[in-house]
Amino acid sequence: MDLALLRTFVTVHRAGSFTRAAALLGLSQPAVTSQIRSLERQLGRPLFLRQARGVTPTTIGDELAHKAAPHLDALVEIVETGLDDASSLRTLHLAGPPEFTAERALPALTELTGADGQGYTLRASFGDAEEILDGLAAGHHDLAISTARPRGGLFTATTLCDEEHVLVAAPPWAERIGAGKLDGNGAPALDHVPVIEVHESLPFVSRYWASVFDARPAGPGTVVVPDLRAVLACAAAGAGLAVLPRYLCADALERGDVVALHEPAVPPLRTYFLVVRTGTLALPHIARAHERLQRAAADWN
């Protein structure tokens with residue numbers, strides 16, 4: 001049996017789509033369809049059921065993938081890593097949200113680079129969850145950090161850590177609001193305080209208000225900047241209130257640059273996931289980075 005046909009089959013099985021598999025393999029969709037039909041003729045059994053969106057494997061398709069995928073992954077590992085130490089220098093392509101990647105993930109991975117590292121070079125890309133996962137599916141990234149858990153067999157996702165969100169403002173705003181003053185919903189009296197956010201939709205503030213106060217923010221964002229580090233800087237400068245990850249504003253809270261306006265009994269959390277294309281954890285350079293981030297996350301939590 002042609003190994004190229006099996007490789008195409010496993011890619012389709014994981015991707016759940018001829019179109020996505022074609023992009024991963026660098027082939028045209030008709031070429032992928034032709035290869036799958038050829039394999040089905042050789043086996044005398046259908047491997048996939050065609051649906052309006054993608055394909056689902058038949059029972060024989062699932063059985064074949066279970067048997068073939070580990071062996072194909074092992075072959076890919078041999079090709080990727082090479083047979084001598086001179087070829088061990090690898091580039092890891094990492095993608096994630098800009099603030100978390102810059103402040104936490106990249107510092108955790110630096111021990112894998114440099115003269116005392118493990119033969120790594122590192123390239124990082126930033127984006128939102130949709131952009132990151134699309135790039136991972138297309139093969140542009142090796143490892144992704146996402147705030148959304150992907151579905152389907154194309155990806156393997158592992159919970160990395162939880163991020164606590166804190167409602168903050170500069171001290172003058174806290175004094176103006178007044179400690180302990182609550183509105184009818186049990187929220188601090190904040191309707192008159194300008195809002196600083198990363199998007200017009202107020203994703204962080206809206207999530208906090210819904211989770212903690214069971215309400216919606218009263219008004220639109222006054223300052224909108226597409227980076228949480230800039231949001232923190234604006235809040236410290238007195239531009240208004242913001243909802244920020246605790247890890248990002250912990251130092252500013254300790255210095256008194258900003259103060260927490262509310263301390264709910266159960267703070268809102270956001271979960272991060274480590275995501276790879278299924279099967280690629282067999283590659284040592286991806287597996288080492290994956291394991292290193294998990295170890296670092298134990299301290300973050």
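Excluded from the calculations below are hydrogen atoms, water molecules and symmetry mates; all remaining heavy atoms, backbone and side chain alike, are included.
Counting only heavy atoms from C-beta outward, the side chains of Leu167 and Trp209 approach each other to under 4.5 Å. Counting heavy atoms from C-beta outward, Thr159 and Phe273 have side chains that approach closer than 4.5 Å. Side-chain atoms of Pro268 and Val212, non-hydrogen and from C-beta on, do get closer than 4.5 Å to each other. Side chains of Thr113 and Thr121 form no contact here, defined as non-hydrogen atoms less than 4.5 Å apart. Looking at heavy atoms from C-beta onward, Leu122 lies in side-chain contact with Leu92 at the 4.5 angstrom threshold.
Leu5 is connected to Leu43 through a chain of hydrophobic side-chain contacts under 4.5 Å among Ile, Leu, Val, Met, Phe, Trp and Tyr, so both are in one cluster. Cluster membership check: Leu269 does not share its hydrophobic cluster with Val168, using side-chain heavy-atom separations under 4.5 Å among Ile, Leu, Val, Met, Phe, Trp and Tyr. Under the 4.5 Å side-chain heavy-atom criterion for Ile, Leu, Val, Met, Phe, Trp and Tyr, Leu261 and Val223 are members of the same hydrophobic cluster. Hydrophobic clustering, with ILVMFWY side chains joined whenever heavy atoms are under 4.5 angstrom apart, keeps Phe126 apart from Leu248. Note on Val224 and Leu190: separate hydrophobic clusters, where clusters join Ile, Leu, Val, Met, Phe, Trp and Tyr whose side-chain heavy atoms are under 4.5 Å apart, directly or indirectly.
The CG atom of Leu281 lies 8.5 Å from the CG atom of Leu283; values are rounded to the nearest 0.5 Å. To the nearest 0.5 Å, the span separating SG on Cys161 from CG on Asp299 amounts to 11.5 Å. One distance of note links OG1 of Thr11 with CG of Leu6; it measures 10.5 Å at 0.5 Å rounding. Taking CD1 of Ile36 as the start and CZ of Phe48 as the end, the distance is 5.0 Å to the nearest 0.5 Å. In this structure, the separation between CG on Asp62 and OG1 on Thr56 is 9.0 Å, given to the nearest 0.5 Å.
Heavy atoms only, all atoms of each residue included: Ala169 and Leu241 are closest at CB-CA, 4.1 Å. The shortest heavy-atom contact between Ala260 and Val166 is CB-CG1, 4.0 Å. When all heavy atoms of Ile60 and Pro46 are compared, the closest pair comes out as CG2-O, 3.0 Å. Heavy-atom minimum distance, Ala21 versus Val12: CB-CG2, 3.5 Å. Here the shortest heavy-atom pairing between Val55 and Ser17 reads CG2-N, 4.1 Å. Counting all heavy atoms, side chain and backbone alike, Val10 lies closest to Ala68 at CG2-CB, 4.5 Å.
When the shell of 6.0 Å around NE2 of His192 is examined, it contains more than 12 heavy atoms from other residues, nucleotides or ligands.
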Which pairs of donor and acceptor atoms, one on a side chain in residues 136-147, lie under 3.5 Å apart (sequence neighbours left out)?
unit_1: Asp142; atom_1: OD2; unit_2: His93; atom_2: N; d: 2.8
unit_1: Ser146; atom_1: OG; unit_2: Ala148; atom_2: N; d: 2.9
unit_1: Ser146; atom_1: OG; unit_2: Ala148; atom_2: O; d: 2.8

Hey, can you pull the donor-acceptor pairs under 3.5 Å for the side chains in residues 194-205, sequence neighbours left out?
unit_1: Glu197; atom_1: OE2; unit_2: Phe204; atom_2: N; d: 2.7
unit_1: Glu197; atom_1: OE2; unit_2: Val205; atom_2: N; d: 2.6
unit_1: His199; atom_1: ND1; unit_2: Ser201; atom_2: N; d: 3.0
unit_1: His199; atom_1: ND1; unit_2: Ser201; atom_2: OG; d: 2.9

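Residue pairs meeting the side chain to side chain donor-acceptor pair (under 3.5 Å) criterion with at least one partner in residues 29-41, sequence neighbours excluded, are Thr8-Gln35, Thr19-Gln29, Glu40-Arg50. Applying the side chain to side chain donor-acceptor pair (under 3.5 Å) test to every pair with at least one member in residues 228-245, sequence neighbours left out, gives these pairs: Asp227-Arg229. Under the salt bridge (charged side-chain N to carboxylate O under 4.0 Å, His left out) criterion, the residue pairs touching residues 258-277 are Glu163-Arg270, Arg246-Glu263, with sequence neighbours excluded. Each salt bridge (charged side-chain N to carboxylate O under 4.0 Å, His left out) pair with one or both residues in residues 248-257, not counting sequence neighbours, appears once here: Arg255-Asp257.
Ring geometry for His13 versus Phe9: interplanar angle of 30 to 60°, hence tilted.
Aromatic ring centroids of Trp300 and Phe100 lie under 6.0 Å apart.
Remark: the backbone N or O of Asp128 is paired with a side-chain donor or acceptor of Glu131 at under 3.5 angstrom. Here the side chain of Thr278 pairs a donor or acceptor atom with the backbone of Leu154 at under 3.5 angstrom.
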Practice task
Verify side chain to side chain contact (heavy atoms under 4.5 Å, CB included) between Thr58 and Arg45, making sure each step is shown before the conclusion.
Solution key: CA-CA 9 Å; Thr58 62; Arg45 302 282 294 277; over 6 Å; no
Problem - Test log, rule salt bridge (charged side-chain N to carboxylate O under 4.0 Å, His left out), inputs Arg295 and Glu291 - result: CA-CA 6 Å; Arg295 283 196 287 116; Glu291 189 271 338; 2.6 Å; yes
